[in-house]
Amino acid sequence: MLKIKWPALCVGACALLVSGALLGYGWAVKKLSSTVSPAMPQQHQVLYWYDPMVPDQKFDKPGKSPFMDMELVAKYADESMDAGTVTIDPRIVQNLGMRTAVVKRAAVENRVDATGMLVFNERDVAVLQSRSAGFVERVAKLAPGDLVAKGDVIAEVLMPEWVALQQEVLSLNEGDKYLLAAGRERMRIAGMPAELIRQIEKTKQLQTHIKLTAPRAGIIQELGIRTGMTLMVGQFIARIQGIDKVWLEVAVPEAQANHIQLGQLAQAHFSALPEKTIQGKVTSILPELNAMTRTLRVRVELPNPRHQLRPGLSAQVTLKNNNKKTALVVPTESIIRTGQRSLVMVAEDHGHYRPVEIILGQEIGDNTVVIQGVEESQRVVTSGQFLIDSEASLKGIIPQLNDGAKL
C-alpha cells in the first residue's frame, strides 16, 4: 500500500504554482515593455554637462562645478542641430542677469563734438607804411601786444613833400577848379590820407606835423619805428591784427570729416567763459589732413565784439547740420569688436542666440548707427554677450563668420 506524504506533496505543488506565476509575470512585463516604453528620442539625449563659465571643460555626469559655485548645465543633442545659433539655459540667463535691447530707428543728427583753439583772423590784418620820405617826431607809448582802437595815434611825422604839396594847393584861388582838382590828386598820389586832404581844404591851414593813426582796431603785432628815425618811402611802420572776428581752428577726427560742410553752425564752449555759448559758422575746410593726429582742420569764424576772445584759448566745439535723417541704432555696449569685424548677438525664440556681423556708422550718445546687418524690432544682447560669443566660438560659428560664411 502506497503511503502519500501530504506535507511534501503540498510543498511541491506550491513551488510549481509560484514558478509558473513568476514565468507568466516575466512574459507579461517583457511584452508590455516592448509595446509601451519607446526609446528616448535621439535629439533630447544629453551629450555632456559643462560649466558655462568654463565651457571648454566637459563632464559625463551632472553635479557641482569644480570651478564655480553652480550646477553643471546639460548639453543636449538637439542644440547642435541649428548650426547658426547658440542655446543658453534660461536659468543661466536669469543668474547672469542677461539683458537685451530692441533694434530701433532713431533720428540721426549730423553732430560732431571736437576741440578747437582760437587763432587770429589772418584776413583781418592792416599794415601801415610810409608813403613818402620824412622824419619821426614822436611815437605813442605803444609796444607789440598793445590793443589800439581805430583812429588811435601811432606816431607824428614830418614829411617835407607833403608840406610842399599843401602849400601849392593853398596858394591857388578858389576859382581855379581844374588846378585845385589836380593838386588834390597829387596829394592823394603822394600818399596823404583822404581825411587829411579834406581837413586841409576845410581849414585852409598848413599841416606840418602829420599824425599817423591806426586804420582799424586790433593788436599791434609789430612796431617798426622809434622817435628820431628817418623814414624812407615804403618803410614799415606797424602791423595791426584785427580781433573783431577770430578763428576757431577745430580738429575734426578723420572718421567724421564727411559730416562737415561750409556754412555749418558751430557752438563753442570756453572754460574761460563758462557762462557763455558762442555761435559761429564754418568758413573754411582745409584740404590737408594732419598725419600725426589724423584730424581735419576746420575754421570756424566767431564774433568778438567785446574782445573777450583771445588767441590761445581752447574750446569744446559742437558742429551741427540741420539735415536730419533716421537710421537703425543699437546700444553701443551690445557691440563686440573683434578687431576684424563687429558683431552683435541677436536673441531669438526659445533661448536661441545668433551672432550677426554688422557694419557700423557714427555714435550717437549711448547708441551706434548700424548700416547693415540687423533689422528693426530685433533684440540684441547688451549684457552677457561675451558668454554667448565664447560658446559660439566653441561651436565653430564665429570661425564660420571669419571665413565669410552666411548664417
Side-chain angles (χ1 to χ4, degrees), residues 107-129 144-150 214-224 236-325 327 360-365 369 371:
V108 178
E109 182 182 36
N110 288 334
R111 168 175 171 167
V112 177
D113 294 319
T115 58
M117 186 75 70
L118 278 181
V119 297
F120 286 117
N121 182 352
E122 294 295 336
R123 297 192 182 101
D124 190 13
V125 178
V127 176
L128 192 60
Q129 289 182 316
D146 288 346
L147 187 65
V148 295
K150 182 178 180 180
R216 68 181 59 190
I219 296 175
I220 293 182
Q221 290 187 316
E222 296 180 65
L223 189 63
F236 171 79
I237 296 175
R239 175 187 171 93
I240 302 174
Q241 172 65 62
I243 56 174
D244 289 336
K245 293 182 180 180
V246 292
W247 283 347
L248 183 62
E249 294 209 343
V250 184
V252 176
E254 178 183 6
Q256 297 178 301
N258 62 327
H259 299 309
I260 306 302
Q261 298 177 359
L262 289 176
Q264 192 169 353
L265 296 178
Q267 293 182 342
H269 303 270
F270 294 89
S271 56
L273 303 169
E275 72 283 356
K276 290 186 177 181
T277 299
I278 302 175
Q279 295 188 350
K281 289 185 178 181
V282 175
T283 57
S284 297
I285 302 175
L286 301 190
E288 186 178 2
L289 193 74
N290 190 314
M292 297 294 294
T293 60
R294 309 306 302 171
T295 55
L296 184 69
R297 289 173 60 197
V298 175
R299 284 177 180 167
V300 175
E301 190 174 275
L302 299 178
N304 189 25
R306 298 185 179 180
H307 301 166
Q308 292 179 308
L309 301 179
R310 300 297 178 92
L313 294 178
S314 61
Q316 295 294 323
V317 187
T318 300
L319 301 171
K320 294 183 178 181
N321 197 321
N322 294 327
N323 298 328
K324 294 183 179 180
K325 56 183 180 179
L360 300 178
Q362 67 181 100
E363 291 190 13
I364 308 173
V369 173
I371 300 174

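Atoms considered below: every heavy atom in the structure, side chains included; atoms not considered: hydrogens, waters and symmetry mates.
Counting heavy atoms from C-beta outward, Phe236 and Glu222 have side chains that approach closer than 4.5 Å. Under the 4.5 Å side-chain criterion, counting only non-hydrogen atoms from C-beta, Val282 is in contact with Val300. Counting heavy atoms from C-beta on, the side chains of Thr318 and Asp113 come closer than 4.5 Å. A 4.5 Å side-chain heavy-atom check between Glu301 and Asn121 finds at least one atom pair inside the cut-off. Within the 4.5 Å cutoff, no side-chain heavy atoms of Asp124 are placed close to those of Lys245. Here the side chains of Val317 and Val298 are not in contact, with every heavy-atom distance at 4.5 Å or above. Put simply, the side chain of Ile237 does not reach to within 4.5 Å of the side chain of Gln129, judged on heavy atoms. The side-chain heavy atoms of Ile220 and Arg239, taken from C-beta on, include no pair separated by under 4.5 Å.
Looking only at distances, no side-chain donor or acceptor of Gln267 sits under 3.5 Å from a matching main-chain atom of Ile278.
Between Ala268 and Leu302, the closest heavy-atom pair is CB-CD1, 4.3 Å. Shown here for Trp247 and Phe120, the closest heavy-atom pair between the two residues is CE3-O, 3.4 Å. Here the closest non-hydrogen pair linking Leu147 and Gly218 is CD1-O, 3.1 Å. Counting all heavy atoms, side chain and backbone alike, Val108 lies closest to Ala327 at CG2-CB, 3.5 Å. The nearest pair of heavy atoms linking Ile240 to Pro215 is CD1-CD, 3.8 Å. The shortest non-hydrogen separation linking Ala257 to Leu296 is CB-CD2, 3.9 Å.
A distance of 13.0 Å separates CD in Gln261 from NZ in Lys281, rounded to the nearest 0.5 Å. From Ile285, atom CD1 reaches atom CD of Gln264 across 7.5 Å, with rounding to the nearest 0.5 Å. Rounding to the nearest 0.5 Å places CD1 of Ile243 at 4.5 Å from CD1 of Ile219. Atom NZ of Lys276 sits about 5.0 Å away from atom CZ of Arg306, to the nearest 0.5 Å. Of the inter-residue distances, the one linking Leu313 atom CG with Met117 atom CE reads 8.5 Å to the nearest 0.5 angstrom. Atom-to-atom distance recorded for Arg299:CZ and Leu248:CG is 11.5 Å, nearest 0.5 angstrom.
Residues satisfying the salt bridge (Lys or Arg N to Asp or Glu O under 4.0 Å) test with Asp146, not counting sequence neighbours, are none.
The environment of CD in Glu288 is sparse: at most 12 heavy-atom neighbours from other residues, nucleotides or ligands sit within 6.0 Å.
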